[in-house]
2 protein chains.
Amino acid sequence: MGTSFLGRFDYSIDAKGRVNIPAKFRKGLNPEAEETFVICRAPSSCLRAYPMDKWKNRQLELDTLAETPDGLKIKRQTYGTLSESTLDAQGRVSLTQVQMKLAEITKEVTLVGEGDYVEIWDTEKFNKYIGLEPEEDGFDDAHFNIVKSEMEKK
Amino acid sequence: MGTSFLGRFDYSIDAKGRVNIPAKFRKGLNPEAEETFVICRAPSSCLRAYPMDKWKNRQLELDTLAETPDGLKIKRQTYGTLSESTLDAQGRVSLTQVQMKLAEITKEVTLVGEGDYVEIWDTEKFNKYIGLEPEEDGFDDAHFNIVKSEMEKK
DNA sequence: CACCATCACCCACCATCACCCACAATAACC
DNA sequence: GGTTATTGTGGGTGATGGTGGGTGATGGTG
């Protein structure tokens, strides 16, 4: 099975593009994942790291996409930023230049466990996105929009 | 079986039209492929390289196309840019003039593993296509369009 | 049949990455 | 609170992988 990834962790990326994976996540890894993550692009120009076993499902989804302009683009945008990375002896994965450029990662990195996968963000960018600065982030708007649309369904 | 091709790799093409195939992909090659790729045209004016064994399936698909104007055109556009290329001792394939012209390949080349096949692009062209510059690329739009159309099916 | 261009094969160099070790900082434990 | 285990960070090095060029065989052309 493997446990699900939960929690936020802040690390730094070194000159070789290596980022630490939280010990907690490493311990929860499925043996079938073979210590390997698939890292690719996700919405809002961030990265997602799937342990190998979980990635399989995601790939199945991608492969069923029709070869429409949108379908092709999504596939290429995903595969075109993708890499496989196996944990080194210290429990790190490494990012490619392309991935770092896309996610605007420079030095500080934030990992967010979201169940089956881990998102990798530039720390500053992520803080802005979630609106660590109170009252500026649209959290309330998004929340109330959803509540509202739920109510309209009924 | 052979593993599926995954990941992006950037190389350069030499004066003889030779492009490297990632060591990772070579290792995943099926013995039945006999180190040989079939290279042909794909949507968006790029190239696809199928290992011989996987190509067979693609050819079956093509052969079932009806002889409508569209069907004929697709077949001729595919067969008309096609070449077979066997890996040399350094693990490279070579592209034809026609293929390079079609894909606008000059020097830098990007290979994208997409499961059963590998796409070959001019690096600059590909970066523009996938929108490496964040927030300008329509990734989110395409993503949400697909999610939306999935929801509408249900 | 002679000539020339092209391709397949061979060899040599250099950059990059995977692996290894070493240390610092933190957390856990007694 | 002191000691030990764990976790995160950084850097060196040898093996592997990518690039470029030379040469003889092969096939097309006049």
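Naming convention: chains lettered A, B, ... in sequence-line order (proteins, then strands); numbering from 1 in each chain. What's counted below: heavy atoms across the whole structure, side chains too, no hydrogens, waters or symmetry copies.
- A:K24 comes within 4.0 angstrom of nothing in the nucleic acid, heavy atoms only.
- Positionally, the nearest nucleotide of DNA chain D for A:A15 lies more toward the 5' end than for the other of A:A15 and B:K16.
- A nucleotide of DNA chain D counts as in contact with chain B when one of its atoms lies under 4.0 Å from a heavy atom; the first and last such, 5' to 3', are D:dG17 to D:dG22.
- A side chain to side chain contact (heavy atoms under 4.5 Å, CB included) with A:S83 is found for exactly one of A:L95, A:V98, A:I39, A:V93, namely A:I39.
- Near DNA chain C, defined here as any heavy-atom distance below 4.0 Å, the residues from residues 83-116 of chain B are B:Q90, B:R92, listed numerically.
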Could you go through residues 67-78 of chain B and list every donor-acceptor pair under 3.5 Å that involves a side-chain atom there, pairing it with any protein atom two or more places apart or in another chain?
| from | atom 1 | to | atom 2 | distance (Å) |
| --- | --- | --- | --- | --- |
| B:T68 | OG1 | B:G71 | N | 2.9 |
| B:T78 | OG1 | B:I74 | O | 2.7 |

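- One can place CG of A:N20 at 14 Å from P of C:dT26, the figure rounded to the nearest angstrom.
- Between B:F25 and B:F9, the ring planes lie perpendicular to each other; the angle is over 60°, past the 30° to 60° tilted range.
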**Item:** Strand DNA chain D as a dot-bracket string - pairs counted if Watson-Crick or G-U with both distances under 3.5 Å, | where the partner lies in another strand
**Value:** ||||||||||||||||||||||||||||||

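- Take B:E108 and apply the side chain to side chain donor-acceptor pair (under 3.5 Å) test, not counting sequence neighbours, and it matches no residue.
- Considering only heavy atoms from C-beta on, A:T106 stays 4.5 Å or farther from A:E104 through its side chain.
- Between the C1' atom of C:dA8 and the CD atom of B:E35 lies a distance of 14 Å, rounded to the nearest Å.
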Side-chain donor-acceptor contacts of residues 15-23 of chain B below 3.5 Å, not counting sequence neighbours, with atom names and distances?
| from | atom 1 | to | atom 2 | distance (Å) |
| --- | --- | --- | --- | --- |
| B:R18 | NE | B:D14 | OD2 | 2.7 |
| B:R18 | NH2 | B:D14 | OD2 | 2.9 |
| B:N20 | OD1 | B:R26 | NH1 | 3.4 |

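- Note that CG of B:L62 and CG of B:N57 are 11.5 Å apart. Values are rounded to the nearest 0.5 Å.
- Atom CG of residue A:D53 and atom CD of residue A:E34 lie 9.5 Å apart, to the nearest 0.5 angstrom.
- Counting to the nearest Å, the C1' atom of C:dA24 and the CG atom of A:D14 are 15 Å from each other.
- Between the NZ atom of A:K27 and the P atom of C:dA27 there is a distance of 13 Å, rounded to whole Å.
- Relative ring orientation between A:W55 and A:Y50 is described as perpendicular, the plane-to-plane angle rising above 60° on a 0-90° scale split at 30° and 60°.
- Linking Ile, Leu, Val, Met, Phe, Trp and Tyr residues whenever their side-chain heavy atoms come within less than 4.5 Å leaves B:W121 and B:Y117 in two separate clusters.
- With A:T123 contributing its side chain and A:V109 its backbone, the two residues share a donor-acceptor pair below 3.5 Å.
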